[in-house]
Chemist: 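Take this structure, written in structure tokens, and hold onto it; I'll ask about it next.
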Number of protein chains: 2
Amino acid sequence: MKLSTRGRYGLKAMYQLAIHYGEGPIPLKNIADAQNLSENYLEQLFSSLRKNGLLNSVRGAQGGYMLARSPRDITVGSILRTLEGNLAPADCVIDGEYDCENEENCVTKLVWMRIRDSIDEVVDSITLQDMLDEYEYMKRKNKI
Amino acid sequence: MKLSTRGRYGLKAMYQLAIHYGEGPIPLKNIADAQNLSENYLEQLFSSLRKNGLLNSVRGAQGGYMLARSPRDITVGSILRTLEGNLAPADCVIDGEYDCENEENCVTKLVWMRIRDSIDEVVDSITLQDMLDEYEYMKRKNKI
DNA sequence: TGAATGTTGACAAAAATAGTAGGGTATAAT
DNA sequence: ATTATACCCTACTATTTTTGTCAACATTCA
């Protein structure tokens, strides 16, 4: 039930981009260095995020990546699903993914559905802006 | 974020035992056959569950496994954690498991904590008895 | 032009998962 | 006592997933 590094690195990277939202394109290298990640690996993650419409890219010198829209309009759920696939704990509760015979009478399926729904509710309710706000709040609390 | 077969098979098997709770020991073979699983593999899962106090076993002819206590007192969470380990989405939110520097200022950690808590709340609130009840409910609903 | 950057697809090492295999031990029925 | 039944334990292995690496290419800016 762990997230893979794709989701974990990816969310951190997107958060970094949120910090610099509005400052124009940020080179991949900056993000990779800040988090001590392989540039090549992060590139794969960003490629997925771009294809899913969460990032924009600018090629060439002074190019880089930036959020495709406001941090307020990007949820943690959209990021994690892009990188990890559906967050359901079992394939049988992903719509159209898989059909088990005996579906009618499967009680464990109800359990997986409830887990799935609770995860979805959490991740879809948190935006990058919320994370920025939480950081400000933590900073103030720790300083005092 | 998928559960492995350990958790999925294991919960189904425990549910089977819950159905037959009070009928004395049920042979592993019965459960394995009913779910079309390898006897040897299921044995590994049952071994973990027994060591964690969720199952009792009776050796010898007419022996088998049975729930260590009432279905009402066995949660889905205790089963899944036994078989899958902690259900947290990242190691940094498992108590005493892992320390990242920068913990103070890590905002993504807050996200992982909220996911963890919501999963825990769901799985710890469902017992095997709840599953039995849900099945009865489904059966009535589908028949009418 | 040349240096900085993103784009793409193929490849590969490492780790985790999902079992298999088989011998050993305890118990109960006969 | 013997035998069948069934749990117990350890080691092994094939497969899949994860976690990257690498190389060649395209685009832009100075």
Side-chain angles (χ1 to χ4, degrees), chain A residues 1-13 17 20 23-33 35-68 80 82-87 89-91, chain B residues 1-13 17 20 23-68 80 83-87 89-91:
Chain A
M1 277 293 280
K2 296 281 173 295
L3 287 166
S4 73
T5 55
R6 288 177 61 90
R8 297 206 314 276
Y9 297 176
L11 180 59
K12 283 205 176 189
L17 289 177
H20 298 290
E23 300 176 15
I26 312 290
L28 183 62
K29 189 167 176 15
N30 292 15
I31 307 286
D33 285 353
Q35 294 180 28
N36 200 27
L37 296 180
S38 144
E39 214 176 317
N40 280 316
Y41 189 45
L42 198 54
E43 195 172 87
Q44 284 182 31
L45 310 188
F46 276 17
S47 171
S48 298
L49 291 162
R50 188 180 58 84
K51 285 174 187 164
N52 261 268
L54 299 177
L55 288 181
N56 287 335
S57 61
V58 177
R59 288 185 163 193
Q62 317 307 319
Y65 290 93
M66 49 190 152
L67 298 185
L80 294 182
T82 295
L83 296 169
E84 300 272 344
N86 196 299
L87 300 175
D91 286 339
Chain B
M1 279 291 279
K2 294 283 173 294
L3 288 166
S4 72
T5 55
R6 288 177 63 88
R8 297 205 315 277
Y9 296 175
L11 180 59
K12 283 206 176 191
L17 289 178
H20 296 291
E23 301 177 11
I26 310 291
L28 182 63
K29 189 166 175 17
N30 292 14
I31 307 287
D33 285 353
Q35 293 181 30
N36 201 26
L37 296 180
S38 143
E39 217 175 314
N40 277 318
Y41 189 46
L42 197 53
E43 195 174 87
Q44 286 181 30
L45 310 188
F46 275 17
S47 172
S48 298
L49 291 164
R50 190 181 59 83
K51 284 174 187 162
N52 260 271
L54 298 177
L55 286 182
N56 287 333
S57 61
V58 177
R59 291 184 161 194
Q62 317 304 322
Y65 289 94
M66 49 191 153
L67 299 185
L80 293 182
L83 296 169
E84 299 272 343
N86 196 299
L87 300 175
D91 286 340

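Lettering of chains follows the sequences in order, A, B, ..., and the numbering in each one begins at 1. Only heavy atoms go into these numbers, but all of them, side chains included; no hydrogens, no water, no symmetry mates.
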Chemist: Distance check needed: dT7(C) P versus Asn56(A) CG, whole Å only.
Modeler: 10 Å

Chemist: Could you list, one pair per line, each protein nitrogen or oxygen that sits under 3.5 Å from a nitrogen or oxygen of nucleotides 14-19 of chain C, together with the distance?
Modeler:
{"unit_1": "dA18(C)", "atom_1": "OP1", "unit_2": "Thr5(B)", "atom_2": "N", "d": "3.4"}
{"unit_1": "dA18(C)", "atom_1": "OP2", "unit_2": "Ser4(B)", "atom_2": "OG", "d": "3.4"}
{"unit_1": "dA18(C)", "atom_1": "OP2", "unit_2": "Thr5(B)", "atom_2": "N", "d": "3.0"}
{"unit_1": "dA18(C)", "atom_1": "OP2", "unit_2": "Thr5(B)", "atom_2": "OG1", "d": "3.1"}
{"unit_1": "dA18(C)", "atom_1": "O5'", "unit_2": "Thr5(B)", "atom_2": "OG1", "d": "3.4"}
{"unit_1": "dG19(C)", "atom_1": "OP2", "unit_2": "Tyr9(B)", "atom_2": "OH", "d": "2.9"}

Chemist: Could you measure the distance from the CG atom of Leu80(B) to the CG atom of Asn86(B)? Nearest 0.5 Å is fine.
Modeler: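 Between Leu80(B) CG and Asn86(B) CG, I get 11.5 Å after rounding to 0.5 Å.
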
Chemist: I need the NZ-C1' distance between Lys2(B) and dT16(D), as an integer number of Å.
Modeler: 15 Å

Chemist: Quick one: label Tyr65(B) by what it contacts on the DNA or RNA (base, sugar-phosphate, nothing), any heavy atom closer than 4.0 Å.
Modeler: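 Sugar-phosphate, backbone atoms only, no base.
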
Chemist: Dump the intermediate steps for side chain to side chain contact (heavy atoms under 4.5 Å, CB included) on Leu67(A) and Leu54(A), then the final yes or no.
Modeler: CA-CA 6 Å; Leu67(A) 298 185; Leu54(A) 299 177; over 6 Å; no

Chemist: Name every residue in residues 28-36 of chain B that has at least one heavy atom under 4.0 Å from any atom of DNA chain D, in order of residue number, or write none if there are no such residues.
Modeler: Leu28(B)

Chemist: How many angstroms lie between atom CE of Met1(B) and atom NZ of Lys2(A), to the nearest 0.5 angstrom?
Modeler: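 Atom-to-atom, Met1(B):CE and Lys2(A):NZ are 9.0 Å apart.
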
Chemist: May I have the distance from Leu45(B) (atom CG) to dC9(D) (atom P), rounded to whole angstrom?
Modeler: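 Nearest whole value for this atom pair: 15 Å.
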
Chemist: Could you tell me which non-hydrogen atom of Gly53(A) sits nearest to which non-hydrogen atom of Ala68(A), and how far apart they are?
Modeler: O-CB, 3.3 Å

Chemist: What does Lys51(B) touch in the nucleic acid at a heavy-atom separation under 4.0 angstrom: a base, only the sugar-phosphate, or nothing?
Modeler: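 Counting heavy atoms under 4.0 Å across all strands, the contact made by Lys51(B) is with sugar-phosphate only.
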
Chemist: Could you state the CD-P distance from Glu39(A) to dA4(C), rounded to the nearest angstrom?
Modeler: 12 Å

Chemist: Are Ser47(A) and dG6(C) close enough that a side-chain N or O sits under 4.0 Å from OP1 or OP2?
Modeler: no

Chemist: Produce the list of close N/O pairs, under 3.5 Å, pairing protein atoms with atoms of nucleotides 25-30 of chain C; give distances to one decimal.
Modeler:
{"unit_1": "dA26(C)", "atom_1": "O4'", "unit_2": "Arg59(B)", "atom_2": "NH1", "d": "2.1"}

Chemist: Nearest heavy atom decides the nucleotide; on that basis, is Gly63(A) or Asn40(A) closer to the 5' end of DNA chain C?
Modeler: Gly63(A)

Chemist: In Å and rounded to the nearest 0.5 Å, what is the CG to CD1 distance from Leu17(A) to Ile31(A)?
Modeler: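 If I round to the nearest 0.5 Å, the distance is 4.0 Å.
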
Chemist: Any pair with a residue in residues 50-68 of chain A that passes side chain to side chain donor-acceptor pair (under 3.5 Å), sequence neighbours left out, goes on the list, sorted by first then second residue, please.
Modeler: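 Matches after skipping sequence neighbours: none remain.
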
Chemist: I need the Arg8(B) CZ to Glu84(B) CD distance, nearest 0.5 Å.
Modeler: 8.5 Å

Chemist: Ile26(A) CD1 to dA4(C) P: how many Å, rounded?
Modeler: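 It works out to 18 Å between those atoms.
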
Chemist: Give the minimum heavy-atom separation between Gly10(A) and Leu83(A), together with the two atoms involved.
Modeler: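 Where Gly10(A) meets Leu83(A) most closely, the heavy atoms are CA-CD1, 3.6 Å.
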
Chemist: What is the separation between atom CG on Leu37(B) and atom C1' on dT20(C), rounded to the nearest whole Å?
Modeler: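 Atom-to-atom, Leu37(B) to dT20(C), this comes out as 14 Å.
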
Chemist: List the atom of Gly63(B), the atom of Pro25(B), and the distance in Å for their closest heavy-atom pair.
Modeler: C-CB, 3.6 Å

Chemist: Where each pair must be Watson-Crick or G-U wobble with both distances under 3.5 Å, what dot-bracket representation of DNA chain C is obtained, with crossing pairs in [ ] and other-strand partners as |?
Modeler: ||||||||||||||||||||||||||||||

Chemist: Could you give the CG-to-C1' distance, from Leu83(A) to dT17(D), as a whole number of Å?
Modeler: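 So the CG-C1' distance, Leu83(A) to dT17(D), works out to 16 Å.
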
Chemist: Donor-acceptor pairs under 3.5 Å, side chain of residues 35-47 of chain A to any protein atom, not counting sequence neighbours: which ones?
Modeler:
{"unit_1": "Gln35(A)", "atom_1": "NE2", "unit_2": "Lys12(A)", "atom_2": "O", "d": "3.3"}
{"unit_1": "Ser38(A)", "atom_1": "OG", "unit_2": "Asn40(A)", "atom_2": "N", "d": "3.2"}
{"unit_1": "Ser38(A)", "atom_1": "OG", "unit_2": "Tyr41(A)", "atom_2": "N", "d": "2.9"}
{"unit_1": "Tyr41(A)", "atom_1": "OH", "unit_2": "Thr5(A)", "atom_2": "OG1", "d": "2.9"}

